[in-house]
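The structure under discussion appears below in the form of structure tokens.
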Amino acid sequence: GMDRALMAEKTLYSSVKDMWYATWVNGLLSSPITHAKNIAGNALFGMWQIPERTVASVIGKGRSVLTGSRDYIQANEVIAQAQSMMTASTDAFRLAGKAFKTNMPTDPTTKLEMTHIGRDDFDLNFGDSVFGKSFSNAIKYYGNVVTIPGRTLMAEDEFFKAIGYRSERSALARREGNKKYDDL
């Protein structure tokens, strides 16, 4: 049963259907407006983290004056987050480039279901003849070109995820350092 299902999945009809679907989805993603909105949304969300944490720090400091509690976001945590956000671009560009090249995100949480929409859908073997190899290579080249919008969108998301991850990690590390300092 399972072998026949796998074999049916590899039929030419199934492959053509996958190629059509990948072409259709990437066509939907090919508008520059889509990419501009994705970049703007990610950038604004990332930049908003600093003022949001700053306001939380001020409110927490005010609350601590009234209650005596030392459990609040300290200013050096905000500074650590902002500094890390500025220096994370090297890693962000590297991860974005890797995602674009390999068509694989760093984690499974992506906006596209990339396991079903990728360049692998265009990797078909039409035999060892000159025509077969040429046709296989032409379809593979078509797949490399047609998936550019989806791979670009994934690379954009990887770039901003890397910056967000690095800056949040720095802020949390500073928070833990502050806790240890207060404990001592």
Side-chain angles (χ1 to χ4, degrees), residues 1-50 81-128 132-173:
M2 184 68 167
D3 291 340
R4 274 188 279 191
L6 288 172
M7 201 163 150
E9 185 64 27
K10 295 295 180 192
T11 63
L12 184 60
Y13 171 74
S14 173
S15 298
V16 169
K17 193 172 70 173
D18 290 345
M19 286 190 298
W20 177 86
Y21 184 64
T23 301
W24 177 70
V25 168
N26 279 278
L28 293 175
L29 301 175
S30 64
S31 169
I33 294 169
T34 300
H35 294 275
K37 286 180 177 179
N38 187 48
I39 291 168
N42 277 315
L44 289 171
F45 177 79
M47 290 187 311
W48 179 250
Q49 302 303 306
I50 302 298
Q81 184 179 30
Q83 285 174 335
S84 184
M85 198 173 277
M86 302 306 256
T87 60
S89 61
T90 305
D91 276 347
F93 277 117
R94 183 180 54 78
L95 290 171
K98 183 178 178 186
F100 183 81
K101 184 178 176 184
T102 63
N103 199 32
M104 290 297 294
T106 54
D107 69 10
T109 312
T110 57
K111 292 179 182 171
L112 281 178
E113 184 61 46
M114 296 312 290
T115 57
H116 299 294
I117 310 166
R119 291 183 297 182
D120 295 341
D121 294 327
F122 300 89
D123 195 7
L124 300 174
N125 185 2
F126 287 96
D128 291 333
K133 285 182 180 178
S134 298
F135 195 62
S136 296
N137 288 337
I139 288 182
K140 193 180 290 188
Y141 178 76
Y142 172 76
N144 282 331
V145 172
V146 81
T147 58
I148 286 173
R151 291 185 291 133
T152 303
L153 197 67
M154 186 187 337
E156 293 161 7
D157 288 343
E158 288 298 311
F159 177 84
F160 288 105
K161 273 197 295 189
I163 289 178
Y165 174 77
R166 301 303 186 276
S167 62
E168 186 65 21
R169 187 179 63 184
S170 293
L172 293 176

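Closest of all the heavy-atom pairs between Ile39 and Phe160 is O-CZ, 3.8 Å. The two atoms that bring Ser167 and Met85 nearest to each other are OG-CE, 3.8 Å, heavy atoms only. Of all heavy-atom pairs spanning Ala155 and Ala99, the tightest one is CA-CB, 4.4 Å. Closest of all the heavy-atom pairs between Leu153 and Leu29 is CD2-CD2, 4.0 Å. Considering every non-hydrogen atom in both Ile148 and Asn144, the closest pair reads CG1-O, 3.4 Å. Counting all heavy atoms, side chain and backbone alike, Leu95 lies closest to Glu158 at O-CB, 4.2 Å.
Side chain of Asn42 to main chain of Asn38: a donor-acceptor pair is present (N/O by atom type, distance under 3.5 Å, no hydrogens or angles). Put simply, the side chain of Arg166 never gets that close to the backbone of Ser89: no donor and acceptor are under 3.5 Å apart.
A distance of 11.0 Å separates OG1 of Thr152 from CG of Asp157, quoted to the nearest 0.5 Å. Atom CE in Met154 sits 9.0 Å away from atom NZ in Lys161 (nearest 0.5 Å).
Every side chain to side chain donor-acceptor pair (under 3.5 Å) that Ser170 has, sequence neighbours left out, goes to Ser84.
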